[in-house]
Amino acid sequence: MLGIVSFLGFTVLVAVIAYLSTRKTNEKSSDGYFLGGRSLTAGVIAGSLLLTNLSTEQIVGLNGDAYRDGILVMAWETLAAIAMVICAIFLLPKYLKGGISTIPTFLERRFDKTTKALTSGLFLSGYAIVLLPIVLYSGSLAISGMFDLPGKLGISEWASIWVCVWSIGIIGSIYAIFGGLKAVAVSDSINAIGLLIGGLLIPVFGLWAISDDGSILGGIAVLTAEHPEKFNAIGSESSSIPFMTIFTGMVIVQLFYWGTNQQIIQRALAAKNLVEGQKGVMLAAFFKILGPIIVVLPGIIAYHLFDGQLERADQAYPKLVAEVLPPAFVGFFAAVLFGAILSSFNSALNSCVTLYGIDIYKEYINKEAKEELIVKKGKQFGVGLAAFAMIIAPFLYYASSGLFGYLQQVNGAYSVPILSVVIIGFLTKRVPAIAAKVGIIFAFVVYVVYIILSRGFELDWLPHMLHVQAITLVLTVILMLVIGKMNPRKTDYVQKYTNEVDITAWKYVKPVGIAISLIVISTYIIFRG
């Protein structure tokens, strides 16, 4: 009972604070609704970035990978920090200078409307078909299991999934559709604090549980002495992250996610100025370095605690939480996880609403629409999309056990084409629009063929997924450059400054970026095996 009360109390507190913080924002305008009135400060941006990124799928999934492969899976967290540094120093100033609301908007200015339509379609498809249903489903599994809802409600596990999916979906939709980006970002910031506290409690209690003297250092000593292989960051070819993929596909994944993914970059685009945007991204990058403590270390602790005997690696984190977390903390931690689930869902949904309202409705359905109507139509689209995701999500219960890995692989079908064309858009001035369109289609087709071959025919000779993403991107960039050489634009593309926000850079952005990058590199030196 105490757990349920603390869960409801923390959840309601977050909602009240988010409402009070956003009630004065003019959400009838595009900037007010889609970008929070371009008023977000560094702390809000950092918190929203972290909570948008972290979800039950990542917390449970990465700890499961760590249970199996050890610390090498920290690459998903630590290398993200370097990508965020690149975004803060090089990409964010260009985005804010143009006053853009979405990545496709930049591509329209650099190339043409068809390029914008292609990228918007890829984003919307990826979010609607892949991201939204899986966030709802994985989050529902966690909440249902933590409170044992099937037992308490006297219903089947699948029925419990339906209850949780619709509960999360409705609450997340209220934040994302009717509160706009600022409500999402403020709630994310509060939940980020809770996630840091709750997430750190698990390894702390876990280390206490396995140590000989009841101390944190004692627990670490036990792990390093008995399982030294788990602390080797250099992965072999048979591991989930072979070492060489860090320099190929991992770079692609991180740059896309933190530099061009609408769901993520929208938080930085809403900054009140470039200084606040760069501070926020750098602060989030620093916390990403600490991320392995929350999403990797518990998996290794679980491996020791359960003698590596769990049936499935994904059981590691939930079982560790049930084993070491005192009952008084269960409700609070469940509320924190609920916040992480909501964040991932409502952030993706808000990005879909933004993409549809600005890039689809305004551009192709009603060119004369006023801002208030654009916001209204975006909200209506969001309601329909949320309902679609909530209907689809429970049926993932009957999907195969390899669903999550498959979905991670499928993400490359839209991330590689979009990143390729953004790179060309930034680094060249004469490559024409036809090159961008050909590049997007080429990258999409090549990668989809790879998915079909690897999943349908299980060909062992195919390269690792991350290597294929890098190869596809390089080939796509070369193709676009060749087209640009043969048929260049008549004039150089020049990005115009729209005066939306002050783009004076933070004077410490480069020193801080260098420091963060050196810390990341040092972790690989320390854990080189």
So Phe388 and Leu132, side-chain contact (heavy atoms from CB on, under 4.5 Å) or not? Walk me through it. CA-CA 9 Å; Phe388 171 81; Leu132 289 174; over 6 Å; no
If I compare all heavy atoms of [X] with all of [Y], which pair ends up nearest, and what's the gap?
| X | Y | value |
| --- | --- | --- |
| Thr119 | Pro104 | OG1-CB, 3.5 Å |
| Gly277 | Leu92 | C-CD2, 3.6 Å |
| Pro488 | Pro432 | CA-CD, 4.4 Å |
| Gly259 | Cys87 | CA-SG, 4.2 Å |
| Ile451 | Ser454 | O-OG, 3.2 Å |
| Leu136 | Ala393 | CB-CB, 3.8 Å |

Ignoring hydrogens and angles, tell me if any N or O in the side chain of [X] forms a donor-acceptor pair with the backbone of [Y] under 3.5 Å.
| X | Y | result |
| --- | --- | --- |
| Glu77 | Pro292 | no |
| Lys362 | Ala369 | yes |
| Asn63 | Ile294 | yes |

Separation between [atom1] of [X] and [atom2] of [Y], rounded to the nearest 0.5 Å:
| X | Y | atom1 | atom2 | value |
| --- | --- | --- | --- | --- |
| Ile197 | Leu200 | CD1 | CG | 8.5 Å |
| Leu96 | Leu91 | CG | CG | 11.0 Å |
| Tyr257 | Ile265 | OH | CD1 | 11.5 Å |
| Lys279 | Leu283 | NZ | CG | 10.5 Å |
| Phe287 | Leu49 | CZ | CG | 12.0 Å |
| Ile103 | Asn261 | CD1 | CG | 9.0 Å |

Per the ring-ring contact (aromatic ring centres under 6.0 Å, His included) rule, what does the pair list look like for residues 348-379, sequence neighbours excluded? Tyr356-Phe381
Among pairs that include at least one residue of residues 100-136, which meet ring-ring contact (aromatic ring centres under 6.0 Å, His included), considering only residues two or more places apart or in two chains?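 Matches after skipping sequence neighbours: Phe106-Phe426, Phe123-Tyr127.
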Would you mind reporting whether [Y] and [X] have side-chain heavy atoms less than 4.5 Å apart?
| X | Y | value |
| --- | --- | --- |
| Met84 | Met282 | no |
| Tyr137 | Ile392 | no |
| Met244 | His467 | yes |
| Tyr524 | Ile246 | yes |
| Ile360 | Leu124 | yes |
| Leu466 | Val253 | yes |
| Arg109 | Leu107 | no |
| Gln278 | Pro93 | yes |

Only pairs at least two apart or in different chains count here, so list each salt bridge (Lys or Arg N to Asp or Glu O under 4.0 Å) that has a residue in residues 117-132. none
So, using side chain to side chain donor-acceptor pair (under 3.5 Å) as the criterion, who are the partners of [X] when residues are at least two apart?
| X | answer |
| --- | --- |
| Tyr450 | none |
| Arg489 | none |
| Gln254 | Trp258 |

Apply side-chain contact (heavy atoms from CB on, under 4.5 Å) to the pair Ile503 and Asn273, showing each step before the final yes or no. CA-CA 6 Å; Ile503 59 169; Asn273 53 50; over 6 Å; no
Residues forming a ring-ring contact (aromatic ring centres under 6.0 Å, His included) with Phe444, sequence neighbours excluded: none
With Lys437 via salt bridge (charged side-chain N to carboxylate O under 4.0 Å, His left out) - residues at least two apart: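 With sequence neighbours excluded, Lys437 shows a salt bridge (charged side-chain N to carboxylate O under 4.0 Å, His left out) to Asp112, given in chain and number order.
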Only counting residues at least two apart or in another chain, list the ones meeting salt bridge (charged side-chain N to carboxylate O under 4.0 Å, His left out) with Lys116. Glu108, Asp359, Glu363
Using side-chain contact (heavy atoms from CB on, under 4.5 Å) as the criterion, point out the one residue from Val520, Val296, Ile521, Ile71 that pairs with Thr78.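 Exactly one pass, corresponding to Val520.
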Hey, can you pull the donor-acceptor pairs under 3.5 Å for the side chains in residues 504-519, sequence neighbours left out?
residue, atom, partner, partner atom, Å
Thr504, OG1, Asp502, OD1, 2.8
Ser517, OG, Gly513, O, 2.9

Any chance you could lay out the side chain to side chain donor-acceptor pair (under 3.5 Å) test for Thr245 and His464, step after step, and finish with the verdict? CA-CA 8 Å; Thr245 61; His464 190 277; 5.3 Å; no
Sequence neighbours left out, cut at 3.5 Å: what donor-acceptor pairs do the side chains of residues 471-484 make with other protein atoms?
residue, atom, partner, partner atom, Å
Thr472, OG1, Val468, O, 2.8
Thr476, OG1, Thr472, O, 2.7

Would you say Arg110 and Thr428 are linked by a side-chain donor-acceptor pair, where the criterion is simply a distance under 3.5 Å? yes
Give the C-alpha distance, both sets of side-chain angles, the deciding distance and a yes or no for side-chain contact (heavy atoms from CB on, under 4.5 Å) between Ile440 and Leu122. CA-CA 10 Å; Ile440 290 173; Leu122 285 173; 3.9 Å; yes
Verify the neighbour count for atom CZ of Phe286: are there more than 12 heavy atoms of other residues, nucleotides or ligands below 6.0 Å? no
Is atom OH of Tyr493 surrounded by more than 12 heavy atoms (other residues, nucleotides or ligands) closer than 6.0 Å?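 More than 12 within 6.0 Å, yes.
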Can you give me every donor-acceptor pair (side chain of residues 413-422, partner residue at least two apart or in another chain, under 3.5 Å) with its distance?
residue, atom, partner, partner atom, Å
Ser415, OG, Asn411, O, 3.3
Ser420, OG, Val416, O, 2.7

